[in-house]
K.L.:
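Here it is: the structure, laid out below.
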Amino acid sequence: MSTTTMRIASTSLCIVVGLACTARGEHPAGRPTLKEAFSGDFLVGAALNTAQSSGQAPDELALAQRQFNSITPEAVLQWDYIHYQPEGYNFAPADQFVALGEKYDMFIVGHVLVWEDVTPKWVFEDEAGNPVDRETLLSRMRDHIHAVVGRYKGRIKGWDVVNEAIDDDGSRCQNAWQRIIGEDYIEKAFQYAHEADPDSELYYNDYCEWYPAKKIAFANLVRDLQSKGIRIDGIGLQGHWSLESPSLGELEAMFADYGKLGVKIMITELDIGFLPEVNPSQYGKDISELSSDLDPYADGLPDKMERALADRYAEIFACFRRHRDKIDRVTFWGVYDGQSWLNYWPVGGRSAYPLLFDRELQPKPAFDAVIRTAKQPR
Ligand code: XIL
């Protein structure tokens, strides 16, 4: 669909559902923003992409500034972005991101220090391509963490120190960190981050956070670090959810269980995906090579689905509000649908609708549904 057609389509949708349309990204008068609506409950954040944090998408940035009081970078602090080659760091985009968060007085989150998926191969290998030994890898990890955390000391207020290190059955992922360093790579990462900025909060971040085995494993990790006197401030629950899963019962149980840990709980990458599942053998392909059945909303989202998304978001935010005493922050993985990673993962070129603002930066029915939960008695 062309941009013009999309604009016409979204305008007629606004008329149909009776919403007041505004210029791209402008907030309709009389409606509270997300950060206002939940100001007594938790921070509301969004992940910014590089175009947004570098000023190349001013409308999107303006929307983020109005709605959110915390930001996380989608990419600019990842190892493969900031430290792609052994020599030298690409700090400029991260510098811009951090300066922006300060300018707008937002809680700035650092994502992410140790995560195999975004770590370049050179980190784990010597010049001949053989795996390095434990001491070499520890020293590379320490240098990286000290360089990155140290540079933004006192400015980035919380770090996702380790991401996605526990499998769905609760066991440790057999990633290169674990294979080369061993079990204690996680505690070393937290230790190094604490050395580099003693005042920053430090989090463990992961997905499928409602699985019973993961809940136990995260709890064990927190207790293990605490028993060794290593700082850990919170657990980041990614929140890549669907219309049905996790169920409300699973969400309630999850907050009840994590609530007992006595550390901060954050939803760190919230989005609601509902595109058809893709066979793993097709991961990485573009939709043009695959059946168009995998991209059912390429021409827009039917009202029925728009309402289903709104209902799901209402259920989720009502649950967040019930557990507001345990939840510190809720961060969406993106400002608006057009930027969502679900448009390009696990296959490229699909149209995903997982967030609260549409491709014209207009609030969706899901936005209103979320705002309404803020007005309900607790
Ligand atoms: C996605 C991002 O949107 C990309 O920009 C990034 O390069 C990698 O993948 N879990 C995470 C996020 O912790 O960093 C991922 O983000 C989504 C899954």
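We count ligands from 1, going down the list as the structure has it; atoms in each ligand are counted the same way.
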K.L.:
Look at ligand 1 and say whether W115 reaches it with a heavy atom at a distance under 4.0 Å.
P.N.:
yes
K.L.:
Residues in side-chain hydrogen bond (donor to acceptor under 3.5 Å, both in side chains) with E252, at least two apart?
P.N.:
R322, H323
K.L.:
Whether the D95 and Y152 side chains hold a donor-acceptor pair (N or O, under 3.5 Å, no angle test) is what I'd like checked.
P.N.:
yes
K.L.:
Under the ring-ring contact (aromatic ring centres under 6.0 Å, His included) rule, what pairs show up with a residue in residues 264-287, not counting sequence neighbours?
P.N.:
F274-Y297, Y283-W345
K.L.:
Does W333 have a heavy atom less than 4.0 Å from any atom of ligand 1?
P.N.:
yes
K.L.:
Taking only heavy atoms of E164 into account, list the atoms of ligand 1 that are under 4.0 Å away from them.
P.N.:
10 (N), 11 (C), 13 (O), 18 (C)
K.L.:
Answer yes or no: is there an ion pair linking K264 with E201, defined by an N-O contact shorter than 4.0 Å?
P.N.:
yes
K.L.:
If you take the centroid of each ring, where Trp contributes its six-membered ring, are W159 and H194 closer together than 6.0 Å?
P.N.:
no
K.L.:
Could you check atom 9 (O) of ligand 1 against the protein and tell me its nearest heavy-atom contact, residue, atom and distance included?
P.N.:
W341 CE3, 4.3 Å
K.L.:
Just which atoms of ligand 1 are under 4.0 Å from any heavy atom in Q78?
P.N.:
6 (C), 7 (O), 8 (C), 14 (O)
K.L.:
Distance to 0.1 Å, residue and atom name: give those for the protein heavy atom nearest to atom 14 (O) of ligand 1.
P.N.:
H111 NE2, 2.7 Å
K.L.:
Return yes if some donor-acceptor pair links the side-chain N/O of D271 with the main-chain N/O of P354 below 3.5 Å, else return no.
P.N.:
no
K.L.:
Show which atoms of ligand 1 fall inside a sub-4.0 Å distance from at least one heavy-atom site of H240.
P.N.:
17 (C), 18 (C)
K.L.:
Just heavy atoms, cut-off under 4.0 Å: does Y344 contact ligand 1 by side chain, backbone, both, or neither?
P.N.:
side chain
K.L.:
Less than 6.0 Å separating the ring centroids of H240 and Y207?
P.N.:
no
K.L.:
Could you tell me whether N163 approaches ligand 1 through its side chain, its backbone, both or neither, with non-hydrogen atoms closer than 4.0 Å?
P.N.:
side chain
K.L.:
Which of the atoms in ligand 1, numbered in the order shown and given with their element, are less than 4.0 Å from a heavy-atom of E269?
P.N.:
10 (N), 11 (C), 12 (C), 13 (O), 17 (C), 18 (C)
K.L.:
Give the residue, atom name and distance (to 0.1 Å) of the protein heavy atom nearest atom 3 (O) of ligand 1.
P.N.:
E74 OE2, 2.4 Å
K.L.:
Given the side-chain rings of W241 and W333, with only the six-membered ring counted for Trp, is the space between their centroids under 6.0 Å?
P.N.:
no
